[in-house]
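In this chain, numbering begins with 1 at the start of the sequence shown.
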Amino acid sequence: MADSKREIERKYEATGDTRLPDLTRVAGVTAVQHLGVSELDAVYYDTEDLRLAADHLTLRRRTGGADAGWHLKLPVATGVRDEIRAPLSDALPAELAGLVRSRVRDSALVPVVRLRSARDVHVLKGPDGTPLAELSVDEVRAERLHGGSRATAWTEIEVELADDGDPAFLDAVEERLGEAGVRPSTAPSKLSRALAETSPGDEGQEPAARPRTAGDHVLAYVREQITAIVALDPAVRRGLPDAVHRMRVATRRLRSTLRTYRKVLDRTVTDPLGKELKWLAAELGVDRDQEVLDARLHSRLDAMPRPLVLGPVDARLRIWSTARRNGSRNRLVAVLDGARYLTLLESLAALRTAPPLLPAAAGPPGKTLARAVHKGHKRLAGRMEHALELPPGSERDLALHDARKAAKRARYAAEAARPALGKPARKSAKRLKALQKALGDHQDSVVAREALRALAVQAHAAGETSFTWGLLYGQEEAAAGASERELPGVWAKAVRADFRTASGS
């Protein structure tokens, strides 16, 4: 069974002549415990084209030291990574294989680098003996195992913050090391340095060219969403907060962009992709929609005065929620492990590397992008005007839900065009986001009322009073009414931008 550890660390250059300063002069440090030297032997795995390294992930099998085993490090922020550990075994554990699957897909993982390190460890302790950080001086020998045969060696200092420590403490340590002439490392990890120094040629990527054409701008947004889908896959598998929601949003953004910019990307290629993205978004939504509904209903119930909560309302809501969410995460992981999702990932990778560009993609962005964004506004306007003309009721609810979908599509189109169209696109995206939120609040109320009615029927059938369910239903009905009254004003702001006069059109 794998476990996870948040790793916050900094690396520094060192030489054979480097001497550690007196670290008890660091604020908060009263003692430094020397644990001695341990020998570490790690083999790093990647695809032949180094996909994990390109995304700053490291996967290794290490022996020696206190944490021998398989380690997968996932980037969180600069100097911060989540390390997923699994027990030592000959083969890569299935759980770690799943976490790299969105990058690796069907490609084989091969040994790429072997690092052998002599690690001299010092523990910095506070007044009560609590560890504050671990400082190690590592003498590293690196050997290229695939894609080259060179070897290299270096010495570095690594300072890792203790669990639940204050990251500001690392600033104090760095200041003390700096006074002794120790400078931060230019390499973010040992693996990146080893790959760079043992490369048979130039493995660095050319810096991305500044977007110039309509195709450049659309592809930049498309690639951003593909990157998000791939990067969020491990977080979804780990059940991290908001991961499913963010992956679903990226999926919808990508699908919407493929539909909006059909003058730029060949729809005979992108339409089948759009269908698969719609499927993936629906699978991601199974648990997410229930999560949103649960939070809304529990919030309503928690705010209800206790004298008005009659019968086993809390218990019924809890049982109902549990039953509907039971197994949803397992189902989602099964989807991510399935052949259909893997095929989609391969198709997205092909879209990144060989996009099906149409002739309009080579033209200047202003006219092409502005026209597509304006078309999205026009579609949204038709749906909003139709919905607002209808009397309150189920037909209007459905029409507003359709308008919400159009608002999302128009917003994503404006986001993609923002680098090219500037302020008009930025303002439009912001206003459309407000409209989308207002329409979303209304739709959430529609869904909540349907659920509350079903719960009231269940309570009545069980001989319980449905009084409280009725009150909650009334609150949602009032919320929907207030939302509908606000919509014309929100829509009036969203409709102002006119991209027919955007720059370059």
Side-chain angles (χ1 to χ4, degrees), residues 55 98 101-106 215 217-237 242-289 291-292 328-329 331-358 361 369 372-373 375-376 379-380 401-402 404-417 429 432-433 436 440 443:
D55 283 351
R101 188 168 186 253
S102 64
R103 271 97 170 180
V104 173
R105 302 189 296 280
D106 266 342
H217 284 277
V218 172
L219 287 177
Y221 193 74
V222 164
R223 287 167 176 153
E224 181 182 338
Q225 307 318 314
I226 294 174
T227 297
I229 293 169
V230 171
L232 286 165
D233 176 296
V236 170
R237 293 172 184 271
D242 209 37
V244 171
H245 171 61
R246 291 165 58 205
M247 186 173 180
R248 188 187 189 192
V249 168
T251 302
R252 285 175 162 173
R253 278 181 168 143
L254 179 56
R255 177 173 177 255
S256 177
T257 303
L258 298 181
R259 294 173 68 195
T260 298
Y261 291 103
R262 289 175 173 178
K263 298 292 186 182
V264 174
L265 296 167
D266 186 352
R267 63 181 299 180
T268 62
V269 176
T270 60
D271 279 0
L273 265 178
K275 292 179 181 178
E276 292 305 286
L277 290 167
K278 182 179 180 180
W279 160 77
L280 178 59
E283 293 291 348
L284 290 165
V286 170
D287 188 62
R288 172 62 183 175
D289 288 345
E291 179 186 19
V292 171
S328 61
R329 183 172 179 276
R331 169 182 166 167
L332 181 54
V333 172
V335 166
L336 300 184
D337 283 336
R340 184 174 182 179
Y341 175 66
L342 183 62
T343 300
L344 174 58
L345 290 176
E346 291 288 358
S347 298
L348 295 180
L351 181 64
R352 289 189 66 152
T353 56
L357 296 173
L358 295 173
L369 271 59
V373 175
K375 186 176 180 181
R379 181 189 304 106
L380 170 60
H401 186 43
D402 285 341
R404 181 194 182 196
K405 296 176 184 177
K408 286 182 180 179
R409 185 170 172 181
R411 173 192 166 192
Y412 300 153
E415 287 179 348
L432 288 168
K433 182 178 181 181
Q436 178 188 329
Q443 177 61 16

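Residues L351 and P356 have side chains in contact (heavy-atom distance under 4.5 Å, counting atoms from C-beta outward). D233 has its side chain out of reach of R101: every pair of non-hydrogen atoms, C-beta onward, lies at least 4.5 Å apart. R255 is not listed as a side-chain neighbour of T251, based on a closest heavy-atom distance of 4.5 Å or more.
Here the closest non-hydrogen pair linking A228 and A250 is CB-CB, 3.8 Å. Here the closest heavy-atom approach between residue P234 and residue R103 is recorded as CG-NH1, 3.6 Å. The shortest heavy-atom contact between R252 and A281 is CG-CB, 4.2 Å. Here the shortest heavy-atom pairing between M247 and V236 reads SD-CG2, 3.6 Å. Heavy atoms only, all atoms of each residue included: L273 and S347 are closest at CD2-CB, 3.5 Å. Of all non-hydrogen atoms in A361 and L357, the two that sit nearest each other are CB-CD2, 3.8 Å.
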Check against side-chain contact (heavy atoms from CB on, under 4.5 Å), E415 and R253:
CA-CA 10 Å; E415 287 179 348; R253 278 181 168 143; 3.2 Å; yes
Given side-chain contact (heavy atoms from CB on, under 4.5 Å), test V249 with H245 step by step and report yes or no.
CA-CA 6 Å; V249 168; H245 171 61; 3.7 Å; yes
Evaluate the side-chain contact (heavy atoms from CB on, under 4.5 Å) criterion for residues R288 and D242: first the C-alpha distance (whole Å), next the side-chain angles of each, then the deciding distance (0.1 Å), finally the verdict.
CA-CA 9 Å; R288 172 62 183 175; D242 209 37; 4.2 Å; yes
side-chain contact (heavy atoms from CB on, under 4.5 Å) evaluation trace for L219 with L265
CA-CA 9 Å; L219 287 177; L265 296 167; 4.1 Å; yes
Just do the side-chain hydrogen bond (donor to acceptor under 3.5 Å, both in side chains) check on T227 and R352 with the steps written out, would you?
CA-CA 10 Å; T227 297; R352 289 189 66 152; 2.8 Å; yes
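When each of K408, R409, K405 is tested with Q436 by the rule side-chain contact (heavy atoms from CB on, under 4.5 Å), just one qualifies, namely K408. Considering L254, T343, V230 as possible partners of L348, the one that fulfils the side-chain contact (heavy atoms from CB on, under 4.5 Å) test is L254.
Note: D402 CG to L380 CG = 11.5 Å, rounded to the nearest 0.5 Å. Taking CD1 of I226 as the start and CD of E224 as the end, the distance is 11.0 Å to the nearest 0.5 Å. The OH atom of Y341 sits 12.0 Å away from the CD atom of E283 when rounded to the nearest 0.5 Å. Within the model, atoms CG of L342 and CG of L336 stand 11.0 Å from one another, a figure rounded to the nearest 0.5 Å. Between the CG atom of L369 and the OH atom of Y261 there is a distance of 4.5 Å, given to the nearest 0.5 Å. Put simply, CG on L284 and CZ on R246 are 13.0 Å apart, with the number rounded to the nearest 0.5 Å.
R262 and T270 share no donor-acceptor pair across their side chains, judged by distance under 3.5 Å alone.
A 6.0 Å sphere centred on CZ of R340 holds more than 12 heavy atoms belonging to other residues, nucleotides or ligands.
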